[in-house]
Amino acid sequence: MNLTLHVWRQKNAQDKGRMETYQAHDITPDMSFLEMLDVVNEELVAKGIEPIHFDHDCREGICGACSLVINGIPHGGKRGCTTCELRMRNFKDGDEIYVEPFRARAFPVVKDLMVNRSAFDRILQAGGFVSVNTGAVPDGNAVPIPKTDADRAMDAAACIGCGACVAACKNASAMLFVAAKVTHLAWLPQGKVERERRVKKMVAQMDKEGFGNCTNYYECEAVCPKNIRVEVIARMNREYLRALPKKIE
Amino acid sequence: MKLVNPANKRKYHVIVVGTGLAGASAAASLAELGYNVKAFCFQDSARRAHSIGAQGGINAAKNYQNDGDSIWRLFYDTIKGGDFRSREGNVYRLAQVANNIIDQCVAQGVPFAREYGGMLDNRSFGGAQVSRTFYARGQTGQQLLLGAYSALIRQIGRGQVKMFPRTEMQDLVLINGHAKGIVVRDLVTGKIESHAADAVVLATGGYGRVFNLSTMGLGCNVTAVYRAYKRGALFANPCFTQIHPTCIPYSGEFQSKLTLMSESLRNDGRIWVPKKKGDQRPPNRIPEDERDYYLERKYPSFGNLAPRDISSRSAKEVCDEGRGVGPTGYGVYLDFADAIKRLGKHIIEQRYGNLFEMYHLITDEDPYEVPMRIYPASHYTMGGLWVDYNLMSNIPGLHVIGEANFSDHGANRLGASALMQGLADGYFILPYTISDYFARAGAQNISTDRAEFRAAENEVEDRIKKIMAVNGRQTAESFHKRLGTIMWEYSGMARNETGLKKALELIPALREEFWKDVKVLGEAEDMNQTLERAGRVADFLEFAEIFAYDALNREESCGAHFREEYQTEDGEARRDDKRFAYVAAWEYKGVGIKPELHKEPLDFENVELATRSYK
Ligand SMILES: Cc1cc2nc3c(=O)[nH]c(=O)nc-3n(C[C@H](O)[C@H](O)[C@H](O)COP(=O)(O)OP(=O)(O)OC[C@H]3O[C@@H](n4cnc5c(N)ncnc54)[C@H](O)[C@@H]3O)c2cc1C
Ligand code: FES
């Protein structure tokens with residue numbers, strides 16, 4: 001099939017950026033969206049145009065590197081699917097496709113479709129861990145953990161940190177991302193020791209990075225490629241309320 | 001082993017390149033001890049290292065299942081799995097620390113799968129008759145890496161680690177023969193910069209993308225270890241590369257990567273092809289007695305859980321006979337119908353749900369209804385930089401951990417053992433052994449103003465200018481594809497002398513063409529993905545040659561290295577312990593010049609060299 005692409009091009013963070021139109025030829029249904037862009041890039045290079053830059057690595061939906069807003073929806077709108085997993089069989093001959101970067105104040109554009117998501121790293125740095133050094137730890141089976149708790153922790157821990165939730169939200173809120181980490185650790189006995197400190201510090205950092213508030217639009221859940229549920233936000237709010245009156249250093 | 005006093009540790013600076021399981025765990029553990037650490041990765045975040053993609057699980061000899069597992073058994077299985085081409089001492093140590101890894105990860109909050117009683121669950125993996133693999137659904141690598149990353153960011157927050165994402169190592173800097181720094185390119189600004197330290201740790205992963213198509217992340221490369229090799233580090237057993245049996249088959253020219261379907265699927269899936277050549281009937285229409293469950297037939301005691309090298313080769317064999325399935329004829333079935341009948345769809349969904357979904361997304365076929373189609377693909381590299389028992393290379397101060405070194409897996413790695421090795425190296429071995437080097441060399445407070453750094457920076461800049469200046473017609477990507485075809489054809493699952501000699505003609509010719517005709521657009525002083533790719537491909541084009549020399553030199557079949565000339569009558573590998581019970585460590589002599597072979601004999605004091613049989 002042949003497609004028309006409207007792609008965001010921006011030389012660097014300072015550049016204003018603009019949409020450019022390119023044709024994609026001989027695209028087959030088995031190609032992934034990124035492989036389609038590879039094909040377009042090969043053609044651009046042949047014409048002496050610098051190829052479209054985008055983040056990617058694993059190309060199987062787990063590293064969280066790929067991003068892209070496709071026709072207005074982060075990762076293209078197929079449920080439980082990242083851009084790199086999205087196949088071209090979801091499009092048809094003659095389609096026009098708009099491709100833009102994840103947009104949010106806290107995610108400045110690096111180049112073209114690449115954005116800087118280091119704010120996420122800094123939020124986790126503030127408290128998204130258990131303070132345990134290598135060594136002195138008990139046997140893995142010393143503390144039994146109910147299977148359902150472990151499963152719920154895992155459901156939340158599946159987050160790949162791609163940032164689609166932020167890009168989908170009108171307020172550019174990072175609540176789903178932050179809540180997923182808080183919830184993952186809150187379900188486990190190992191995470192409970194520092195729960196107050198963790199939630200307070202992470203929320204404070206989230207605000208500092210310039211992410212917006214959650215006003216319950218739930219767009220985040222709809223685009224999350226790992227199907228993280230908005231329940232985690234409720235859980236985080238409870239954790240936060242619980243922690244509020246407590247002093248942390 | 002010498003130690004460094006706790007108060008003196010803060011005088012030492014360490015560079016860790018790579019933040020996968022090995023690098024992140026090492027950087028965090030070194031920082032906890034008080035060393036000053038700088039960590040580097042080329043992705044935009046440390047959390048996205050290739051380790052994130054590991055699916056199936058991680059081994060340890062906890063014997064929680066009471067099925068007779070022990071440290072000795074894990075040690076023996078690993079040595080045997082590697083077809084007796086690894087060092088006893090290293091492997092024994094690995095088996096010893098494996099249990100600590102599980103404890104450490106649980107303490108960090110890694111949500112391993114649990115049984116209803118609240119205890120950790122295990123599954124089985126190929127090449128073992130005990131159930132010792134710990135897992136977190138089909139995302140074990142992700143969860144382990146997020147655990148190691150959480151330890152790392154905690155140290156970043158404390159200021160004990162300085163993190164440099166989107167930064168690529170371009171060269172190693174030696175001072176008086178010791179590794180004392182690196183030259184890097186800032187991938188956002190294109191700036192070339194130097195960093196100095198008292199020791200350098202490479203944790204840069206494997207080179208499986210020398211085949212172009214592989215299950216590895218697209219950025220995986222040989223650059224860091226190859227540049228260290230050019231500075232004098234020995235490259236050990238480069239031809240030992242693993243071809244994984246269960247990947248989604250190739251479907252067209254455009255393809256950028258092959259997707260792994262975890263080996264854990266072989267716990268419940270049965271592998272088969274039609275008995276008849278060219279049988280085009282849909283799988284569900286082929287009656288039971290016209291199917292060949294070839295692994296169960298050939299290896300009754302291990303069946304579908306035969307080790308990877310054997311399973312891959314068997315798949316190639318049946319496809320070469322014309323019995324392969326799917327549009328290209330290069331595929332075999334992995335069938336869950338029996339398991340679904342026995343256990344119910346619900347259980348299969350619990351065990352492999354996310355893998356089934358991934359398969360469905362990619363192929364548009366529902367594996368609950370029709371059998372999966374799979375075929376082998378390049379997946380892991382056992383070879384790597386040569387290291388001693390302390391994980392230090394022959395260049396003093398240069399340490400190499402994780403998939404980047406050659407140490408523990410011999411000629412074939414067993415499933416769920418790479419995660420184990422990466423974390424063993426990073427959490428429990430290197431932080432301890434590196435002190436031996438520090439105690440001997442002392443803290444030197446080296447500055448990047450030294451001439452050695454200038455010289456290395458100039459070399460890096462010249463090379464980039466040279467690539468940019470070619471201004472030819474073909475993309476780096478197209479060269480990578482052609483190199484991959486050569487390697488797969490002549491150095492892949494089965495190799496022979498004629499083919500390897502042919503590869504040794506084709507590779508230099510392709511390299512020459514690259515330097516005459518590669519096309520890189522954009523600027524060097526800017527974010528430039530085509531330049532990054534071209535630099536990596538240029539290194540693969542040199543490295544491929546040592547790979548082929550090594551495969552040619554090793555006139556035996558062992559593990560994943562199958563030389564067609566050396567096989568038994570029924571097509572099994574014929575190892576030659578008299579001539580080849582050694583590690584082949586290659587020394588750089590110049591581009592296009594045959595490297596010099598050094599042999600490290602392998603002595604087995606505790607295990608007997610046996611023919612590896614899984615029948
Ligand atoms: C799809 C898949 C599934 C797997 N499943 C399993 C499994 O179930 N069990 C198991 O035991 N093993 C598995 N493996 C193997 C295992 O994942 C890897 O061997 C292991 O994760 C490697 O870890 P590492 O830390 O050595 O390197 P990596 O995780 O590859 O990390 C390399 C790091 O080095 C950095 N880097 C590389 N080059 C440079 C450079 N030039 N400059 C700066 N930084 C650089 C990268 O940014 C990255 O941070 C799997 C592998 C694949 C591909
Ligand atoms: S490239 Fe890794 S999730 Fe898409």
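A salt bridge links B:Arg166 and A:Asp55; the closest N-O separation between the charged side-chain nitrogens and carboxylate oxygens is under 4.0 Å. The pair B:Lys519-A:Glu42 fails the salt-bridge criterion, with no side-chain N (NZ, NE, NH1 or NH2) lying under 4.0 Å from an Asp/Glu carboxylate O.
Between A:Glu50 and B:Met527, the closest heavy-atom pair is OE2-O, 4.1 Å. For B:Gln529 against A:Phe54, the heavy-atom pair with the smallest separation is NE2-O, 2.9 Å. Scanning all heavy atoms of the two residues, the minimum distance from A:Ala150 to B:Pro111 falls at O-CB, 4.2 Å. The heavy-atom pair separating B:Ala136 from A:Met154 by the smallest distance is CB-SD, 4.0 Å. Here the closest non-hydrogen pair linking B:Gly53 and A:Ile62 is CA-CG2, 3.7 Å. In terms of heavy-atom proximity, B:Thr530 sits nearest to A:Pro51 at CG2-CG, 3.6 Å.
Contact of B:Thr259 with chain A is made through backbone and side chain together, with heavy-atom distances under 4.5 Å. Using a 4.5 Å cut-off between heavy atoms, A:Arg122 does not touch chain B at all. Proximity to chain B involves both the backbone and the side chain of A:Asp151, based on heavy atoms less than 4.5 angstrom apart. If you measure heavy-atom distances from A:Ala46 to chain B, the contacts under 4.5 Å come from the backbone alone. Heavy-atom distances place no part of A:Met36 under 4.5 Å from chain B, backbone and side chain included. A:Ile27 does not touch chain B: none of its heavy atoms, backbone or side chain, sits under 4.5 Å away. Of the two parts of A:Glu60, the backbone and the side chain both hold a non-hydrogen atom closer than 4.5 Å to a non-hydrogen atom of chain B. For chain B, the nearby parts of A:Asp155 are the backbone and the side chain; heavy atoms of each come within less than 4.5 Å. With a 4.5 Å cut-off on non-hydrogen atoms, A:Thr148 does not touch chain B at all. At a 4.5 Å heavy-atom cutoff, A:Val193 makes no contact with chain B through either its backbone or its side chain. Residue B:Ser51 does not touch chain A at all, counting heavy-atom pairs closer than 4.5 Å. Proximity to chain A (any heavy atom under 4.5 Å) is restricted, for B:Gln55, to the side chain, taken from C-beta onward. Proximity to chain B involves both the backbone and the side chain of A:Val45, based on heavy atoms less than 4.5 angstrom apart.
Residue A:His184 holds its NE2 atom at 8.0 Å from OG of B:Ser150, rounded to the nearest 0.5 Å. The distance from the CD atom of A:Glu35 to the CZ atom of B:Phe254 is 5.5 Å, given to the nearest 0.5 Å. To the nearest 0.5 Å, atom CG of residue B:Leu218 and atom SG of residue A:Cys84 are 10.0 Å apart. Taken from CZ in B:Arg47 to SG in A:Cys159, the straight-line distance is 5.5 Å, to the nearest 0.5 Å. A:Cys81 SG to B:Met358 CE: the interatomic distance, rounded to the nearest 0.5 Å, is 11.5 Å. Atoms CG and CZ, from B:Leu258 and A:Arg59 in turn, are 12.5 Å apart once rounded to the nearest 0.5 Å.
Side-chain contact between B:Arg154 and A:Gln125: absent, with no pair of heavy atoms (C-beta onward) separated by less than 4.5 Å. Contact annotation: the side chain of A:Lys78 approaches that of B:Leu361 to within less than 4.5 Å [non-hydrogen atoms, C-beta and beyond].
Around the NZ atom of A:Lys192, the shell of radius 6.0 Å holds more than 12 heavy atoms that belong to other residues, nucleotides or ligands. Annotation for A:Glu43: atom CD counts as buried by contact number, over 12 foreign heavy atoms lying within 6.0 Å. By the neighbour-count criterion of 12 heavy atoms within 6.0 Å, atom CD of A:Gln23 is densely surrounded, having more than that number from other residues, nucleotides or ligands. Environment of CZ in A:Arg229: sparse, with no more than 12 heavy atoms of neighbouring residues, nucleotides or ligands closer than 6.0 Å.
Ranked by heavy-atom pairs shorter than 4.5 Å toward chain B, the options A:Glu85, A:His53, A:His56 are led by A:His53. Chosen from B:His50, B:Gln108, B:Arg137, the residue pairing most often with chain A at heavy-atom distances under 4.5 Å is B:Arg137. Ranking B:Gln143, B:Gln255, B:Arg473, B:Gln139 against chain A, the residue ahead of the rest is B:Gln143, based on heavy-atom pairs under 4.5 Å. In terms of non-hydrogen atom pairs under 4.5 Å with chain A, the most contact-rich of B:Phe134, B:Tyr149, B:Phe428, B:Phe112 is B:Tyr149. Between chain B and the options A:Ile145, A:Val130, A:Leu86, A:Ile160, heavy-atom pairs under 4.5 Å are most frequent for A:Ile145. With respect to chain B, the highest number of heavy-atom pairs below 4.5 Å among A:Gly128, A:Gly191, A:Pro189, A:Ala65 belongs to A:Ala65. Of the residues considered (A:Gly48, A:Pro29, A:Ala157), A:Ala157 shows the highest number of contacts with chain B, using heavy-atom pairs under 4.5 Å. When each of B:Asp526, B:Leu146, B:Val188, B:Leu33 is scored by its heavy-atom pairs under 4.5 Å with chain A, the top score falls to B:Asp526. The most heavy-atom pairs under 4.5 Å with chain B, out of A:Asp38, A:Asp121, A:Leu188, A:Asn41, come from A:Asp121. Taking B:Gly522, B:Ala60, B:Ala49, B:Ser256 one by one and counting their heavy-atom pairs under 4.5 Å with chain A, the maximum is reached by B:Ser256. The most heavy-atom pairs under 4.5 Å with chain B, out of A:Val110, A:Ile49, A:Leu124, come from A:Leu124. No other option in B:Ile362, B:Asn354, B:Asp44 has as many heavy-atom pairs under 4.5 Å with chain A as B:Ile362.
Of the residues listed (B:Lys257, B:Gln43, B:Arg48), the one engaging A:Asp57 in a side-chain contact (heavy atoms from CB on, under 4.5 Å) is B:Gln43, and it is the only one.
Contact residues of residues 99-107 of chain B toward chain A are B:Asp103, B:Gln104, B:Val106, B:Ala107 (heavy-atom distance under 4.5 Å). Against chain B, the residues from residues 133-143 of chain A that qualify, each with a non-hydrogen atom under 4.5 angstrom away, are A:Asn133, A:Thr134, A:Gly135, A:Val137, A:Pro138, A:Asp139, A:Gly140, A:Asn141, A:Val143 in number order.
A donor atom on one side chain and an acceptor atom on the other are not found under 3.5 Å apart for B:Ser45 and A:Arg117.
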